[in-house]
Amino acid sequence: MSLVKAKDVAYVRFAAPDLGVMRAFLLDFGLVEVPREEGKLFMRGQGPAPFVHATDQGEAGFRAVGFRLESLTDLERLAKAEGAEIASLDAPGGGSVVRLADPDGHVVEAVAGQTPAGPLLVDAAIPWNDAHAHARLRTVKRITGGPAQVIRLGHCVLNVSNFRESERWYKDRFGFITSDEIAATPEFSIAAFMRCDRGATPTDHHTLFLLQAPRGPGFNHAAFEVRDLDDVMRGHSHLAAAGRDPAWGVGRHVLGSQVFDYWRDPFGHTLEHWTDGDLLTADDGSGKATLPDLIGVQWGQTMPSNFG
Ligand SMILES: [Fe+2]
């Protein structure tokens, strides 16, 4: 039994020496700025999260991942068990935060009590015709140019030095459930895609992915859900036209099934657009998979040798 259960990933936090450079990239990526004081950059998606990406002024790097808890009661339980303080979250939406360090020193911020933002106006979904079901009749499809419409943050991937140790740490505290574990050999697993335990409520195939990587611990990538496949492609065209740095995509993952598209921010952090991922409940079990499953695609660009 875990101390609490994470409901979802809340945000990722970085630092960058030039907030204007970061801001310009994130606008091209499809995030929306939340005005705030000097020296801090907060960006949101179109959904109700008050922010999903934060950048402090400073030396470039990953600073923290936030997970949302169900209640302040849960946050108090976590704080007590960890001997940690509850602080005010100085960010859009307010709320309270408990800051922990995982076995590799990654800062993990558990948050509760944030005030949701009013969702922004998202273009209505345009139905798709396929050969079996024609959902769009007597209506033409016209996709206007522009950045993708990021709705929400979906998952964060961290490289760790000891997969089993980190897996235990996150599961004991936040109740994550393995969706797919990656076995390098039948006896040795190096990674797992983990989902939140939301009971019978379907949730993303993975909210957290931990990978024991040869290059050592650190941030791997953060992934943002966009409206649909057209939006992935619209975002791709926009980022390419803006001269941004492509990392991998477009393709469809095997594990999690998402259509994906990865880009690097100006400071080298990898961010992903995705759509059409698998949604599982707590009862949907756990699988074992292989390295080819992890890096393979169902269609689209194969993984570049310099990715991750
Ligand atoms: Fe991802």
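Each ligand, and each atom within it, is numbered from 1 in the order the structure gives.
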>> Less than 4.0 angstrom from a charged side-chain N to a carboxylate O is my criterion; do R168 and E165 meet it?
In response: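 Answer for the salt bridge query: no.
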
>> Checking the side chain of N129 only, and the main-chain atoms of R136 only, is there a donor and an acceptor separated by less than 3.5 Å?
In response: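 Present.
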
> Any chance the side chains of D231 and H273 put a donor and an acceptor closer than 3.5 Å?
Replying inline: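 On atom types as modelled, these side chains do not qualify, holding no pair under 3.5 Å.
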
> Is the closest side-chain donor-acceptor distance between S179 and R195 under 3.5 Å?
Replying inline: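 Judged by distance alone, the side chains do pair up.
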
> Counting no waters, what protein N/O/S atoms lie under 2.8 Å from the Fe ion (ligand 1)?
Replying inline: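 For the Fe ion (ligand 1), the protein N, O and S atoms that sit under 2.8 Å away are H155 NE2, H221 NE2, E272 OE1.
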
> Pick one: which of D172, D197, D74 meets salt bridge (charged side-chain N to carboxylate O under 4.0 Å, His left out) with K5?
Replying inline: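 Between K5 and the candidates, salt bridge (charged side-chain N to carboxylate O under 4.0 Å, His left out) is satisfied uniquely by D197.
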
>> Measuring only between side-chain heavy atoms, which start at C-beta, is H206 closer than 4.5 Å to Q258?
In response: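 SC-SC contact between H206 and Q258 confirmed.
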
